[in-house]
Amino acid sequence: MPRPIDNRTRRAAKPGRGEGGVFTAFGIAAEAEPLAPGLYVVATPIGNLGDVSLRALSTLAASDVVLAEDTRVTRHLLAHYGIATPLVSYHEHSGEGVRERMLARVREGQALALVSDAGTPLVSDPGYKLVQEAIAEGLSVVPIPGPSAILSALVVSGLPSDRFFFEGFLPAKSGARRARLEALAGVPGTLLVFESPHRLPEMLADAAAVLGPRPAAMARELTKMFETVRRGTLETLAQEFAEAGPPKGEIVVLIGEASSETRREEAESGLDAALARALAGHSIKDAAALVAAETGLPKREVYARALVLAKGG
């Protein structure tokens, strides 16, 4: 645990390897415990600097270096909490040579903290390859949990949170976006996507056209001064932003699962086509079983319809 220290004896510079670091919280300077060698994946605030955890501050202070997606953003966080750990740029364009140099430092006994611009690293942010290679070498990878735009949006959306799927960013062009939405239509849970503000009206219109009147929510600027959550259906949200225009800020769109009635209607509407494809290569019984599993419709109903189609009905 961090130890409070006397500000008069506070070290202004980063201590030597193997020693703890210093950070300031609640107006009190604290000394962090030394870290074992490894890669520490540290979640940072998505907007409000007060959301950072004490463990995250201690880890950032005690690390030998902080790997940051944008050092300008992370420098502001470190300065706010009086942390003097050196920063090194690590982003999506960092190549194999950069990763090898970072892993070499861990092998030498250093502790490296990996952060993104905001939130939890690796969630639509760089870092996956570095973590993957560290694991492959048997190096220690330690999660330091904390803020996440995805979970923050989910818990205030009013949509079911027991099952959800995070898609990241949808394609920028409408045709590709609609095709991807069609592929996601059967996801059995709440769907979450990031979206750029200027594309939000078009994205909502495409989602409404493809997925129908599903419940939805739009969360913007979470934890910040202009935090906003809009709830409704895809159709009502699409209409609202078509009239109001693109908003500003970081955006998460959440889309609820189709109702059981809607799912049944969709399954029934495509039943004959699905059975025709299955009957082309299977017996009536096997085709009915395959399509029943695919659509979720009762096997007895699917088998009865397969019999009719097989007889040319």
Side-chain angles (χ1 to χ4, degrees), residues 25-26 40-60 66 68-70 73-74 76-78 80-81 92 113-128 131 142-170 184 187-201 203-204 207 211 214-234 236-238 240-241 244 246-257:
F26 310 109
Y40 293 78
V41 185
V42 184
T44 56
I46 59 176
N48 191 320
L49 293 182
D51 290 338
V52 69
S53 72
L54 290 175
R55 186 182 178 204
L57 292 176
S58 181
T59 301
L60 294 172
V66 175
E69 183 179 5
D70 187 332
V73 174
T74 304
H76 175 63
L77 172 67
L78 299 188
H80 184 81
Y81 287 102
E92 60 182 339
L114 173 67
V115 303
S116 64
D117 282 354
T120 301
L122 278 68
V123 181
S124 277
D125 287 310
Y128 167 72
V131 169
V142 182
I144 309 297
S148 165
I150 298 167
L151 295 180
S152 297
L154 182 62
V155 298
V156 298
S157 68
L159 297 173
S161 58
D162 54 337
R163 292 186 300 181
F164 59 92
F165 180 86
F166 174 60
E167 170 66 8
F169 284 92
L170 290 169
L184 295 169
V187 170
T190 299
L191 177 65
L192 296 93
V193 299
F194 287 156
E195 190 51 273
S196 299
H198 69 278
R199 288 201 300 262
L200 180 65
M203 175 266 172
L204 289 171
L211 302 177
R214 295 194 186 189
M218 187 284 304
R220 180 181 74 90
E221 293 290 89
L222 290 170
T223 78
K224 301 177 185 177
M225 181 181 296
F226 298 104
E227 176 178 291
T228 305
V229 181
R230 295 278 186 268
R231 304 174 183 88
T233 65
L234 282 172
T236 59
L237 289 177
E240 177 181 342
F241 286 101
K248 295 181 180 180
E250 304 290 331
I251 291 171
V252 183
V253 176
L254 305 96
I255 302 171
E257 186 179 2

Any non-hydrogen side-chain atom of [X] less than 4.5 Å from a side-chain atom of [Y]?
X      : Y      : answer
Leu77  : Leu60  : yes
Thr120 : Leu151 : no
Met203 : Val193 : yes

Self-check item: Nearest-0.5 Å distance that lies between atom CG in Asp51 and atom OG in Ser148
Solution: 11.5 Å
Quiz item: Which residues pass the ring-ring contact (aromatic ring centres under 6.0 Å, His included) test with Phe166, sequence neighbours left out?
Solution: Phe194
Quiz item: Is Glu227 reaching over with its side chain to a backbone N or O of Thr223, donor-acceptor style, under 3.5 angstrom?
Solution: yes
Quiz item: Would you find a donor on one side and an acceptor on the other, under 3.5 Å apart, between the side chain of Arg163 and the backbone of Pro188?
Solution: yes
Looking at [X] and [Y], what are the two nearest heavy atoms and their distance?
X      : Y      : value
Pro121 : Leu114 : CG-O, 3.5 Å
Arg231 : Val156 : NH2-O, 2.6 Å
Val73  : Asp117 : CG1-O, 3.5 Å
Leu234 : Ala216 : CD2-CB, 3.7 Å

Quiz item: Counting heavy atoms not belonging to Glu250, are there more than 12 under 6.0 Å from its CD?
Solution: no
Quiz item: Does Phe164 CZ have over 12 foreign heavy atoms under 6.0 Å away?
Solution: no
Quiz item: How would you list all residue pairs meeting salt bridge (charged side-chain N to carboxylate O under 4.0 Å, His left out) that involve residues 191-200, not counting sequence neighbours?
Solution: Glu195-Arg199
